[in-house]
Amino acid sequence: MSRMQAVAFLEALAQENPAPETELHYTDPFTLLVAVVLSAQTTDAMVNKVTPGLFAAAPTPAAMAALGAEGIGQHIRRIGLWQAKARNVAALARMLVDQHGGEVPADRVALEALPGVGRKTANVVLNVVFGQATMAVDTHIFRLGNRTGLAPGKTVREVEDALVKRCPPALLRDAHHWLILHGRYICKARAPECWRCGAVAHCNYRDKVLAAPGG
DNA sequence: ATCCCGAGGG
DNA sequence: CCCTCTGGAT
């Protein structure tokens, strides 16, 4: 896919809204960070069931640290990996209070040093909160980037770099969010629904699907 | 059975 | 690179 095509592809996807109800619930940098940490290997809908109660009980790093792993666990028992997440969020909140003045750091190294925060979560925070030119690549975006030719790469880093280079600055913020939704609901791993893709005109994957046996 | 808006550890 | 942690949806 040429750069011109890639930009047209991204602009078309930015207009799309496959599933608005699946946005993560948060109100500030800290709750965004926690919501993203909680979302690992679990659906956003499930996370949204527990975050209102959790954030009502502990809206700040200090309150979250005080709530502790036990208290946090009481609120998030319904989501996957909740035991490890409760421990991580408690420790993470404690680190924010002790080492970062109760604020979410605007630095990749500091973010990734927080328990439960890896490259993907750090990229979401850097992009959404601090407006940095980063892309959070998950399995959906990795697949979409390769299959459409938008951002080819054999590693997550390669796909990430390709997307940052090709995405117009105006679209960069939150681009990972609508790319994920597109990958989750339209450009699906199995049975992709090209007929309701807003960017079919800028992608030849539909032709490949139709040409494939049984496609 | 397989996968998920992953991270951490071996 | 591999594996495990978790629950829910498909």
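Order of the sequence lines fixes the chain letters, A, B, ..., with proteins taken first and strands second; residue numbering starts at 1 for each chain.
Within the 4.0 Å cut-off from OP1 or OP2 of C:dT6, at least one side-chain nitrogen or oxygen of A:Gln83 is found. When the side-chain nitrogen and oxygen atoms of A:Thr121 are compared with OP1 and OP2 of B:dA7, one or more of them lie within a distance under 4.0 Å. A close approach under 4.0 Å does occur between a side-chain nitrogen or oxygen of A:Thr139 and OP1 or OP2 of B:dC4.
Comparing B:dC4, B:dT2, C:dT6 against the side chain of A:Arg190 picks out B:dT2 as the nearest.
The CG atom of A:Leu181 sits 14 Å away from the P atom of B:dC4 (whole-angstrom rounding). As rounded to whole Å, 12 Å separates atom P of C:dG8 from atom CH2 of A:Trp82. Between A:Leu81 atom CG and C:dT4 atom C1' the separation is 9 Å, expressed in whole Å. Atom CZ of A:Phe142 and atom P of B:dC4 are 12 Å apart (whole Å). In this structure, A:Lys49 atom NZ and C:dG7 atom P are separated by 14 Å, rounded to whole Å. Rounded to an integer number of Å, the gap from A:Glu112 CD to B:dG6 P is 15 Å. Rounded to whole Å, the distance from CG on A:Leu33 to P on B:dG6 is 14 Å. Atom CG of A:Leu38 is separated from atom P of B:dC4 by 19 Å (rounded to the nearest Å).
Along DNA chain C, the nucleotide nearest A:Lys85 and the nucleotide nearest A:Arg184 are compared for position; the residue whose nucleotide lies closer to the 5' end is A:Lys85. When each of A:Ala189 and A:Pro115 is assigned the nucleotide of DNA chain B with its nearest heavy atom, A:Ala189 is the one assigned upstream, toward the 5' end.
A:Pro115 places none of its side-chain heavy atoms less than 4.5 Å from the side chain of A:Arg87.
Heavy atoms of other residues, nucleotides or ligands lying less than 6.0 angstrom from CD of A:Glu193 number more than 12. At most 12 non-hydrogen atoms from other residues, nucleotides or ligands lie less than 6.0 angstrom from CZ of A:Arg78.
A:Val117 comes within 4.0 angstrom of the backbone, heavy atoms only, and of no base. Backbone-only engagement by A:Gly118 is indicated by non-hydrogen atom pairs under 4.0 Å involving sugar-phosphate atoms exclusively. Nucleic acid contact for A:His176: none, since no nucleic acid atom lies under 4.0 Å from a heavy atom of the residue. No contact: A:Leu179 has no heavy atom under 4.0 Å from any strand.
Only the C1' atoms considered, C:dT4 is 16 Å distant from B:dC3, to the nearest whole Å.
At least one donor-acceptor pair closer than 3.5 Å links the side chain of A:Arg143 to the backbone N or O of A:Cys187. In this structure a side-chain-to-backbone donor-acceptor pair under 3.5 Å is present from A:Thr31 to A:Asp28.
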